[in-house]
Each structure stands twice: as C-alpha cells, then as structure tokens.
Amino acid sequence: MLATIGRTPLVELSSLVPGAAFNVFAKVERFNPGGSIKDRSALSMLNGALRDGRVVPGRSVVVESSSGNLAVGLAQICRNLGLRFICVVDGKTTGVNLAILRAFGAEVEVITERDELTGEYLPVRLRRVRELVEEIPDAFWPNQYANPLNPLAHETTMSEIAEALDGRVDYLFASVSTFGTLRGCADHIRREGLNTHVIAVDALGSAIFGLESTRRLIPGHGASVVPPLLDSSAAGEVIHVTDLDCVVACRQLIDREAVLAGGSSGATVAALLKYADRVPAGANCVLIFPDGGDRYLDTIYSDSWVHENFGEIAHLWKG
C-alpha cells in the first residue's frame, strides 16, 4: 500500500475559468492511499527516522501535531509498520478525519483550548506535543513544521508535474501551512532551472507572511505561527484568500468541473480566479489540490454550515 504513494494524476480543468486563453491543470493528491498530499511528507519523515535508527518498530512511539491530513498519513504508515501513534489535533479537525484516525488505531488528543495570544489552536497543540515527547520513553516527533524531509518529499511532487507537461509549467499555485509543499516544489524548480512563477496561496488571518493571526474556520492552509521551514524567496508572489473565498471556489469547482476538493484546494482556485487577468494566453497554470472534499461534507459542502457562518451566499457560485 505504501508503494502507491505519489504518481498522482495531473488533470486538465478546461471549464474552471470561463473564456480563459490559458490552460489550467490540477495535481490531484487525493489519490494517495491516505487521501492527501501529506502521505508524501509522512512517508519521507518516517523513512528517514527508520534509516537513522531514531524509530524502531515495536518500541518507538510517534507523536505529532496535525489538523488532519498528516495525521491520517502517519496513522496508516504507523499501523503498517507496527508503531504506536499519538496525534494531537484540535477543534477544527473534521469528524471524518477523527473517525479515520481511530479506525487506524491512532491515539487521538483533541485540543479545545485556544492560545490566548493568537486565538488559534496550533501553539497549544505544539506545547502538548512537547510535553508528550518529554513524558513518553522512545517518543519520536517527526515535526512537520521543521523537518527538512517534509519539503524534500515534494521535490518529487514537482518533478511529476514537470514531467507531465514536458517542463512547461508557467505558473504554480500552492497553498501554504508548514511550507513543506511549496518549498519542495520551489527547490526542484530552482535546481532544474524551470521557468515557473511560484504563487503562494495563504489564508487571510495567517501569520506566515507577516499578517496578524486571526481566527479561521477552514483547516489545511495558513498558520498562526511562522513555520521554521519558511523560505520567503521560494514564492514569487503571495495571494491571501478568505474562508469565504475558499467555500465559494470549492462550490464553483463542483459546478464547473464536477471535482469535489478540500478547502486548501479551493484556496488555490480562488487565487487563480483573482490572478486570471494577469495570465498570458497559452500559459500552463498548475494548481496543487492537497486533498479531496469528502472530509469537508459537514462544513464546506453543508448548506446549513455555510449559511450559519456566511449567510445566504449561494448566488456567488450559481449561474
């Protein structure tokens, strides 16, 4: 099963931007066995720890903080390798992701207390991970926020994209959180000398690029603290999108392409739609879709949830 990680499809989205004279493609990462791009990071970090002896099956305990997708990837791999796994998640983690984690036998701690300074869960999650690592013998923290094997996994992601388009990737839109995906892709682009303009897609209310951290509804992109993996030179531009932008873009993606995608995928769609009038004719634009929308059925794709949080906005994606 772990051998199926990677080699995800690159699909053309011919109807996403009506009247566009450029080409749009999506790297659809939901086809990884754990359902997201984080399978790549999880496998890279655990394989590295296995190679150097920091993780020993049957003895080591893996402890990580995640809003959902990395947790699922780690849970599947840890079950496969016979490793105990403790995951610290938070109140924004979807019920579906929690059910998947428990199905894999992961031990789940849900943080419900927000950090007083930022109003976000992440600082509290990280504090709890550090406590667990200190308390538990043979604990190993992959630390997706600082582990160089996280971005290293995504050099392969970009290699697959470039191979599929014969090196002609003019624009790359990637959402950011740990900065693993975007940094890994940018490292490959720079090493291979590709003429690709990289656009980082961040959440409005995320602290990654110096904005004030505020509460956000949709997990998967943005962060309340600046990740150690941040390389500001990796992105040529930054586009910030709101929670509302993500919801509308996800619904437009369903309406125009019949693609059920997650919130961070919607973020890249929203960013492209904002940027579309600057893309020249004939250009190839690639959006990285980190996960599918099946884990957001109770939020982004729930009419009642959308109405409760944003009011009556269906007119923004219909017609």
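Both backbone and side-chain heavy atoms feed into the values below; hydrogens, waters and symmetry mates do not.
Tracing side-chain contacts under 4.5 Å through hydrophobic residues (I, L, V, M, F, W, Y), one reaches Val279 starting from Ile239; they form part of the same cluster. Hydrophobic clustering places Tyr301 together with Leu217 (ILVMFWY residues linked when any side-chain heavy atoms are closer than 4.5 Å, directly or through intermediates). Val62 and Ile86 fall into different hydrophobic clusters, where Ile, Leu, Val, Met, Phe, Trp and Tyr are joined by side-chain heavy atoms under 4.5 Å apart, directly or via other members.
With contacts defined as side-chain heavy-atom distances shorter than 4.5 Å, the pair Leu16/Leu287 qualifies. Two residues are said to be in side-chain contact when any heavy atoms from C-beta on lie closer than 4.5 Å; Trp141 and Leu126 meet this criterion. When side chains are defined from C-beta on, Met158 does not count as touching Arg191, because their heavy atoms never get closer than 4.5 Å. Considering only heavy atoms from C-beta on, Phe25 stays 4.5 Å or farther from Val169 through its side chain.
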Less than 3.5 Å apart, which donor and acceptor atoms pair up between the side chains of residues 5-15 and the rest of the protein, not counting sequence neighbours?
| residue | atom | partner | partner atom | Å |
| --- | --- | --- | --- | --- |
| Arg7 | NH1 | Glu163 | OE1 | 3.3 |
| Arg7 | NH2 | Glu163 | OE1 | 3.2 |
| Thr8 | OG1 | Lys27 | NZ | 3.3 |
| Thr8 | OG1 | Glu29 | OE2 | 2.5 |
| Thr8 | OG1 | Arg40 | NH2 | 3.2 |

If you look only at distance, which donor and acceptor atoms sit under 3.5 Å apart when one is on a side chain in residues 261-272 and the other is two or more places apart or in another chain?
| residue | atom | partner | partner atom | Å |
| --- | --- | --- | --- | --- |
| Ser265 | OG | Asp291 | O | 3.3 |
| Thr268 | OG1 | Ser265 | O | 2.6 |

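Evaluation of the side chain to side chain donor-acceptor pair (under 3.5 Å) rule for Asp166 yields no partner, not counting sequence neighbours. Here Tyr171 pairs with nothing under the side chain to side chain donor-acceptor pair (under 3.5 Å) rule; sequence neighbours left out. Considering only residues two or more places apart in sequence or on other chains, Asn23 meets the side chain to side chain donor-acceptor pair (under 3.5 Å) condition with Asn284.
Comment: Lys38 does not engage Glu64 in a salt bridge, judged by the lack of any side-chain N to carboxylate O separation of less than 4.0 angstrom. For Lys92 and Glu120, the salt-bridge test passes: some basic side-chain N is under 4.0 Å from an acidic carboxylate O. Residues Arg251 and Asp303 are paired through a salt bridge, judged by an N-O separation under 4.0 Å between the basic side chain and the carboxylate.
Interatomic distance, CG of Leu182 versus CD1 of Ile288, reported as 7.5 Å (0.5 Å rounding).
A donor-acceptor contact under 3.5 angstrom links the side chains of Arg295 and Asn69, judged on distance only.
Pairs passing the side-chain hydrogen bond (donor to acceptor under 3.5 Å, both in side chains) check and including a residue from residues 213-225, sequence neighbours excluded, do not occur.
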